[in-house]
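Comments concern the structure below.
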2 protein chains.
Amino acid sequence: MKSVLHHVGIVVSSITETAPLFERLLGLDLISDIVVDEVQKVKVAFVDSGSAVPLELIEPLTIDSPVTKFLKNGGGLHHLCYEVDNIEQAVGDLRRQGAIVVCPPVPAAAFSDKKIAFLYMQNKSLIELVEKGNDE
Amino acid sequence: MKSVLHHVGIVVSSITETAPLFERLLGLDLISDIVVDEVQKVKVAFVDSGSAVPLELIEPLTIDSPVTKFLKNGGGLHHLCYEVDNIEQAVGDLRRQGAIVVCPPVPAAAFSDKKIAFLYMQNKSLIELVEKGNDE
């Protein structure tokens with residue numbers, strides 16, 4: 001399987017408070033609206049990183065959001081997302097090789113309902129997969 | 001200041017054990033030798049991410065390495081590195097804006113002795129800066 005780094009996910013307590021920090025300190029601007037993802041129970045927005053790999057700021061939407069505990073432990077760098085051609089096949093391949101599926105493929109509001117999935121690699125790194133769309 | 005995402009730093013217990021995991025699971029190959037950085041007390045090697053932003057695998061060189069404690073707490077995503085035109089000026093700018101300098105500019109073995117620095121942003125994110133060289 002060939003995958004391509006798609007974005008870097010960063011958990012923050014407040015997108016509206018953190019985005020200006022990236023702009024002021026690093027000259028990196030917000031390049032999307034804040035999108036609510038009811039499935040993942042998060043709000044997300046993207047910051048230009050000056051490269052092809054944007055930063056995704058992630059804020060819990062609810063107290064039982066999957067990122068609430070991570071935020072309580074300090075937040076920060078959360079996951080790397082990789083783009084793959086066929087997400088069902090990629091998740092199957094990864095599972096067979098010992099990765100643990102945290103969230104099977106579901107549509108993502110932030111990516112025009114393209115499917116995403118979350119898995120733990122054997123080194124305990126959390127990764128997200130996003131299926132490559134026809135628009136890319 | 002305009003900065004550009006340069007690489008993603010990931011702390012691992014063993015580069016030689018972790019690199020094959022990226023190759024097997026994600027099709028992402030090692031694209032450098034393992035470089036020893038005596039200043040930072042780490043060994044590092046780079047993995048192609050399929051994008052312009054490679055992944056840096058970081059392994060402690062010594063028991064008192066700056067990443068030893070992070071590894072004991074689980075390791076994983078450690079820092080984002082941004083390339084800047086003038087590192088002394090960038091570190092000064094960031095300090096004046098409230099960032100905390102963890103490591104002032106020093107030469108880095110992994111980048112042909114180009115200068116790097118480490119800082120904490122106000123949201124507690126650790127960032128690295130690397131000075132853009134004439135070869136890029």
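Convention: sequence-line order gives letters A, B, ...; per-chain numbering from 1. Source: prediction; values computed, not measured.
B:Val11 and B:Leu30 fall into different hydrophobic clusters, defined by Ile, Leu, Val, Met, Phe, Trp and Tyr side-chain heavy atoms under 4.5 Å apart, directly or through other members. A:Phe46 and A:Phe118 fall within the same hydrophobic cluster, defined by Ile, Leu, Val, Met, Phe, Trp and Tyr side-chain heavy atoms under 4.5 Å apart, directly or through other members. Note on B:Val67: it clusters hydrophobically with B:Phe111, by side-chain heavy-atom contacts below 4.5 Å among ILVMFWY residues. Under the 4.5 Å side-chain heavy-atom criterion for grouping Ile, Leu, Val, Met, Phe, Trp and Tyr, A:Val44 is not connected to A:Ile34 through any hydrophobic cluster. Put simply, B:Leu119 and B:Leu5 are part of the same group of oily side chains (I, L, V, M, F, W, Y) that touch within less than 4.5 Å, one to the next.
Both the backbone and the side chain of B:Leu25 come within contact range of chain A, with heavy atoms under 4.5 Å apart. The contact between A:Ile127 and chain B is made entirely by side chain atoms (from C-beta outward), counting heavy-atom distances below 4.5 Å. With a 4.5 Å cut-off on non-hydrogen atoms, B:Val8 touches chain A through its side chain but not through its backbone. In this structure, chain A has a heavy atom under 4.5 Å from the side chain of B:Ile10, while its backbone stays farther away. The contact between B:Leu80 and chain A is made by backbone and side chain atoms together, counting heavy-atom distances below 4.5 Å.
For B:Asp33, the CG atom sits in a loose shell: 12 or fewer heavy atoms of surrounding residues, nucleotides or ligands are nearer than 6.0 Å.
Side-chain contact between A:Leu26 and B:Met121 is present, with at least one heavy-atom pair separated by less than 4.5 Å.
Among the candidates A:Gly74, A:Gly98, A:Ser3, the residue making the largest number of heavy-atom pairs closer than 4.5 Å to chain B is A:Ser3. Note: A:Ser49 leads A:Ser49, A:Ser125, A:Gly27 in heavy-atom pairs under 4.5 Å with chain B. Options B:Lys2, B:Gln97, B:Glu17 differ in how many heavy-atom pairs under 4.5 Å they form with chain A, and the most are formed by B:Gln97.
Residues A:Val53 and B:Ser51 approach most closely at CG2-OG, 3.3 Å, considering heavy atoms. Residues A:Asn123 and B:Thr18 share a closest heavy-atom pair of ND2-CG2, 3.7 Å. Smallest separation of non-hydrogen atoms from A:His78 and B:Leu77: C-CD1, 3.7 Å.
Atom CZ in B:Arg24 sits 12.0 Å away from atom CG in A:Asp93 (nearest 0.5 Å).
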